[in-house]
**Q** 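A single structure is presented below for examination.
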Amino acid sequence: MEQSTLFTLNTSDFIKGLLMAVLSTVITIVYQTVEAGSLVFDWTAIGTMALTSALAYIMKNLFTNSQGLLFKKEK
């Protein structure tokens with residue numbers, strides 16, 4: 001798959017962002033379950049975690065060029 005250039009996104013960026021959102025949310029739920037000793041779903045916290053994880057990953061990709069350099073123009 002082709003890497004997106006600086007200030008552009010492609011389909012794989014959104015798919016990877018979704019994957020990051022799911023994985024980070026699952027890890028957080030598992031951690032909170034172990035800490036609390038019981039499985040409790042706080043849907044507001046889950047949604048917030050998923051949204052912020054996906055947005056952070058997509059923003060990182062938006063500001064990274066095709067060589068993986070942050071805020072650097074294409075060569």
**Q** For the pair Leu69 and Thr64, evaluate side chain to side chain contact (heavy atoms under 4.5 Å, CB included) and give the outcome as yes or no after the intermediate values.
**A** CA-CA 5 Å; Leu69 301 173; Thr64 304; 5.7 Å; no
**Q** Rounded to the nearest 0.5 Å, how far does NZ of Lys16 lie from NZ of Lys60?
**A**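 Answer rounded to 0.5 Å: 8.0 Å.
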**Q** Output a table of donor-acceptor pairs, distance under 3.5 Å, between side-chain atoms of residues 51-59 and any protein atom two or more places apart or on a different chain; print 'none' if there are none.
**A**
from  : atom 1 : to    : atom 2 : distance (Å)
Thr52 : OG1    : Thr48 : O      : 2.9
Thr52 : OG1    : Met49 : O      : 3.2
Ser53 : OG     : Ser24 : OG     : 2.7
Ser53 : OG     : Met49 : O      : 2.8

**Q** Run the side chain to side chain donor-acceptor pair (under 3.5 Å) test against Thr5 and tell me which residues pass, sequence neighbours left out.
**A**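 Thr5: side chain to side chain donor-acceptor pair (under 3.5 Å) contacts with Thr8.
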**Q** Drop me the distance from Leu62's CG to Leu6's CG, to the nearest 0.5 angstrom.
**A** 7.5 Å
**Q** Which residue pairs satisfy the side-chain hydrogen bond (donor to acceptor under 3.5 Å, both in side chains) criterion with at least one member in residues 29-47, sequence neighbours excluded?
**A**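 The answer is none; no pair qualifies.
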**Q** Taking side chain to side chain donor-acceptor pair (under 3.5 Å) as the definition, give me every residue that meets it alongside Asn61, ordered by chain and number, with sequence neighbours left out.
**A** Asp13
**Q** Check Ser4 against Asn10 and note the closest heavy-atom contact, atom names and distance.
**A**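 Minimum heavy-atom separation between Ser4 and Asn10: N-ND2, 3.6 Å.
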**Q** Tell me whether Phe41 is reachable from Leu23 by hopping between hydrophobic residues (I, L, V, M, F, W, Y) whose side-chain heavy atoms are closer than 4.5 Å.
**A**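 Result: no, two separate clusters.
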**Q** Mind jotting down which residue pairs meet the ring pair (Phe, Tyr, Trp, His ring centres under 6.0 Å) criterion with at least one end in residues 2-26? Sequence neighbours excluded, please.
**A**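 Listed by first then second residue: Phe7-Phe63.
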**Q** Given 3.5 Å as the limit, does a donor-acceptor pair link the side chain of Glu74 with the main chain of Ser66, or not?
**A**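 Judged by distance alone, yes, a pair lies under 3.5 Å.
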